[in-house]
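Below, all heavy atoms of this structure are taken into account, side chains as well, without hydrogens, waters or symmetry copies.
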Amino acid sequence: MSGTDSTYEGFTAEERAAMKEHARELKTAARRTSRADKAAEAERDVLAKIAEMGDSDRIMAERVHAVVTATAPALAPKLWYGMPAYALDGKIVCFFQSAAKFKARYATLGFNDSAKLDEGAMWATGFALTEVTPEVEARIAALVERAVN
């Protein structure tokens, strides 16, 4: 990058760890046998990952998981880069990213391009979470319902 003062420092330690975790997730998933076994094990993996989180992130992730699975039972819970995520036909629709994972000041509920949230020429795909109140739960449910329908 000649002519600029910036230098590329590569991936952060957190980003490298997330990529390694994703590679482990793919290897683990490939070793599972039946589709039902894979689905049950993937959900156990998600719940175990949520249980490992610190109090604030864990409480929010538990509520997000409950809302997403109740609103869209067709979404399959699975780990994605070490984060709880929810897939439809193998494609990640939405995910929860804990604040602690990337040393951020807030957790994030994110939606990938397979989510049908399109609204005009520009729309939000990530939402900051500081707590999950009943109002936030209702908003999450509406977003998830819209994302899969």
Side-chain angles (χ1 to χ4, degrees), residues 10-149:
F11 295 109
T12 66
E14 292 83 7
E15 290 168 331
R16 284 191 303 277
M19 288 185 283
K20 287 178 184 177
E21 197 158 5
H22 185 56
R24 282 192 300 273
E25 292 160 8
L26 293 173
K27 287 178 187 175
T28 299
R31 286 192 293 262
R32 295 186 178 135
T33 53
S34 75
R35 182 173 290 184
D37 286 346
K38 287 180 182 183
E41 196 64 34
E43 181 155 21
R44 281 193 291 273
D45 291 347
V46 166
L47 294 173
K49 183 59 72 176
I50 290 171
E52 292 173 6
M53 294 178 186
D55 288 344
S56 177
D57 285 336
R58 181 180 41 74
I59 291 165
M60 288 189 289
E62 288 170 347
R63 294 307 315 141
V64 167
H65 179 77
V67 170
V68 170
T69 55
T71 303
L75 291 179
K78 64 188 291 180
L79 289 179
W80 185 62
Y81 293 98
M83 297 175 286
Y86 305 88
L88 184 62
D89 299 326
K91 293 184 179 183
I92 300 299
V93 174
C94 61
F95 60 90
F96 175 85
Q97 181 177 304
S98 71
K101 184 167 184 78
F102 293 103
K103 299 178 183 146
R105 68 182 181 107
Y106 51 80
T108 304
L109 174 64
F111 291 86
N112 280 348
D113 58 350
S114 59
K116 299 171 184 144
L117 297 178
D118 305 39
E119 190 174 290
M122 185 173 117
W123 57 90
T125 60
F127 299 85
L129 296 171
T130 57
E131 69 177 309
V132 179
T133 64
E135 294 81 19
V136 170
E137 286 182 5
R139 190 163 177 208
I140 291 170
L143 285 165
V144 169
E145 188 172 328
R146 202 167 119 213
V148 297
N149 290 325

* **Spacing of L143 atom CG and F111 atom CZ [to the nearest 0.5 Å]** => 4.5 Å

* **For R24, all residues meeting side-chain hydrogen bond (donor to acceptor under 3.5 Å, both in side chains), sequence neighbours excluded** => none

* Asked: Does the side chain of V148 reach to within under 4.5 Å of the side chain of L75, using non-hydrogen atoms?
  -> yes

* **Residues E41, K38: salt bridge by 4.0 Å N-O rule** => no

* What heavy-atom pair brings T108 and G126 nearest, and what distance separates the two atoms? -> CG2-CA, 4.5 Å

* Which pair of non-hydrogen atoms, one from L117 and one from A124, has the smallest distance, and what is that distance? -> CD1-O, 4.1 Å

* Say you draw a straight line from OH of Y81 to NZ of K20; how long is it, rounded to the nearest 0.5 Å? -> 14.5 Å

* Could K101 and E15 be called an ion pair, given the rule that one side-chain N must be under 4.0 Å from one carboxylate O? -> no

* Could you tell me which non-hydrogen atom of Y106 sits nearest to which non-hydrogen atom of A128, and how far apart they are? => CD1-CB, 3.3 Å

* Pair E62 + R58, salt bridge at N-O below 4.0 Å -> yes

* So, for D57 and A100, which heavy atoms are closest and what is the spacing to 0.1 Å? -> OD2-N, 3.1 Å

* Structure fact -> With sequence neighbours left out, the residues meeting ring pair (Phe, Tyr, Trp, His ring centres under 6.0 Å) with F96 are none

* Taking atom types as modelled, is there a side-chain donor on E131 or T133 under 3.5 Å from an acceptor on the other? -> no

* Structure fact -> Nearest heavy-atom contact between K49 and L79 is CB-CD2, 3.7 Å

* Do you know which two heavy atoms are closest between V144 and C94, and how far apart they sit? -> CG2-SG, 4.5 Å

* Check: D45 side chain, K78 main-chain N or O, donor-acceptor pair, under 3.5 Å -> no

* Mind checking the NE2-CZ spacing from H65 to R63? Nearest 0.5 Å is all I need. => 10.5 Å

* Looking at CG of L109 and CZ of F127, how far apart are the two atoms once the value is rounded to the nearest 0.5 Å? -> 7.0 Å

* Passes side chain to side chain contact (heavy atoms under 4.5 Å, CB included), M19 versus E14? Steps please. -> CA-CA 9 Å; M19 288 185 283; E14 292 83 7; over 6 Å; no

